[in-house]
Amino acid sequence: MSTIFSRIINREIKADIVYEDDDILAFNDVNPQAPVHVLIIPKKEIATLNDLTEVDAEVVGKLHLAAAKIARDKGFAEEGYRVVMNCNEKGGQSVYHIHLHLMGGRQMSWPAG
Ligand code: 5GP
């Protein structure tokens, strides 16, 4: 089942793209929760974390490598940042195409905020 993120990958919907390679696309979240809030997604359609299989291990690793690279490029890698992947309803997932949230530029707290 395709989502709005497939339409962003296919350039049917505009997004503010910050990183792209053969397997991954990263773009600014339309409703940012931090001064920098980037969504990093695989180009392959995978609905949730529960749907990952062994063959997806490499691309999921690449999502994290891209997060660290973007954090370095944006200049907040050393001060710190947060990466989050929500899963299903109680995890707060609203778009069913896996994505890493990269948030930086403010102090994060835990568990809320
Ligand atoms: P989730 O709630 O699934 O973990 O995160 C989905 C994220 O996608 C939300 O932070 C939401 O603001 C973002 N989002 C939803 N639709 C769009 C869109 O069309 N463009 C962009 N750039 N972000 C979107």
Side-chain angles (χ1 to χ4, degrees):
M1 178 75 169
S2 287
T3 71
I4 197 157
F5 288 176
S6 295
R7 301 186 68 197
I8 289 174
I9 292 166
N10 296 330
R11 306 303 203 265
E12 294 162 14
I13 292 178
K14 271 198 193 301
D16 188 6
I17 292 169
V18 299
Y19 176 80
E20 181 169 23
D21 65 27
D22 288 346
D23 303 314
I24 285 172
L25 189 68
F27 49 92
N28 290 325
D29 196 297
V30 77
N31 182 24
Q33 303 300 310
V36 176
H37 186 169
V38 175
L39 301 174
I40 308 166
I41 72 174
K43 290 185 175 176
K44 178 181 176 183
E45 286 182 8
I46 305 168
T48 79
L49 199 56
N50 293 336
D51 300 303
L52 289 176
T53 66
E54 287 292 330
V55 300
D56 302 315
E58 187 174 344
V59 78
V60 172
K62 285 182 174 178
L63 297 180
H64 290 79
L65 288 170
K69 175 184 165 31
I70 295 164
R72 278 194 300 274
D73 291 349
K74 300 274 188 190
F76 57 72
E78 292 307 317
E79 69 180 28
Y81 54 93
R82 178 171 288 174
V83 293
V84 173
M85 188 181 287
N86 298 324
C87 183
N88 277 339
E89 189 180 347
K90 285 195 176 171
Q93 185 173 5
S94 61
V95 178
Y96 283 78
H97 180 134
I98 62 166
H99 48 281
L100 212 55
H101 294 260
L102 165 65
M103 289 172 282
R106 69 166 167 87
Q107 179 62 52
M108 300 294 164
S109 60
W110 191 261

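Values in this document were obtained by computation on a predicted structure and should not be read as measured data. Basis for what follows: all heavy atoms, side chains included, without hydrogens, waters or symmetry-related copies. Note that ligands are numbered from 1 as they come in the structure, with each ligand's atoms numbered from 1 the same way.
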His97 side chain near Pro42 side chain, heavy-atom distance below 4.5 Å: yes
Considering non-hydrogen atoms of the protein only, which is the closest contact for atom 5 (O) of ligand 1, and what is the distance? His99 NE2, 2.9 Å
Nearest neighbour of atom 23 (N) of ligand 1 from the list Val30, Val95, Ile17, on a heavy-atom basis: Val30
Kindly state each residue pair satisfying salt bridge (charged side-chain N to carboxylate O under 4.0 Å, His left out) with at least one member in residues 26-49, sequence neighbours excluded. Glu20-Lys43, Lys44-Asp56
Is it true that atom CD of Glu89 has more than 12 heavy atoms of other residues, nucleotides or ligands lying nearer than 6.0 Å? no
Among all protein non-hydrogen atoms, which one is nearest to atom 2 (O) of ligand 1, and what is the separation to 0.1 Å? Ser94 OG, 2.8 Å
For ligand 1, which atoms have a heavy atom of Phe5 less than 4.0 angstrom away? 8 (O)
At their closest point, which heavy atom of Arg11 faces which heavy atom of Leu25, and how far apart are they? NH1-CD1, 4.1 Å
Counting each atom of ligand 1 from 1 as listed, which ones have a heavy atom of Gly92 under 4.0 Å away? 1 (P), 2 (O), 4 (O)
For Ile8, atoms of ligand 1 separated by under 4.0 Å from a heavy atom: 20 (N)
Backbone or side chain, does any N or O of Gln93 fall under 3.5 Å from an N or O of ligand 1? no
Within ligand 1, which atoms have a heavy atom of Ile4 less than 4.0 Å away? 19 (O)
Parallel, tilted or perpendicular for Phe27 and Phe5, by the 30°/60° rule? perpendicular
Using a strict 4.0 Å cut-off to heavy atoms of Leu39, name the atoms of ligand 1 that fall inside it. 7 (C), 8 (O), 13 (C), 23 (N)
Less than 4.5 Å apart, side chain to side chain, heavy atoms only: is that true for Phe76 and Val36? yes
Find out if a path of hydrophobic residues (ILVMFWY) with successive side-chain heavy-atom gaps under 4.5 Å connects Leu65 to Tyr19. no
What is the closest protein heavy atom to atom 22 (N) of ligand 1, and at what distance does it sit? Asn28 O, 2.9 Å
Note: heavy atom closest to atom 10 (O) of ligand 1, options Asp29, Asn88, Val38, Asp16, belongs to Asp29
Hey, does Met85 sit under 4.0 Å from ligand 1 if you only count heavy atoms? no
Is the number of heavy atoms from other residues, nucleotides or ligands within 6.0 Å of CD (Glu79) greater than 12? yes
Give a yes/no verdict on whether any heavy atom in Gln33 is under 4.0 Å from an atom of ligand 1. no
Which of the numbered atoms in ligand 1 are under 4.0 angstrom from any heavy atom belonging to Asn31? 12 (O)
Answer yes if Met85 and Val38 sit in the same cluster of Ile, Leu, Val, Met, Phe, Trp and Tyr residues linked by side chain heavy atoms under 4.5 Å apart, and no otherwise. yes
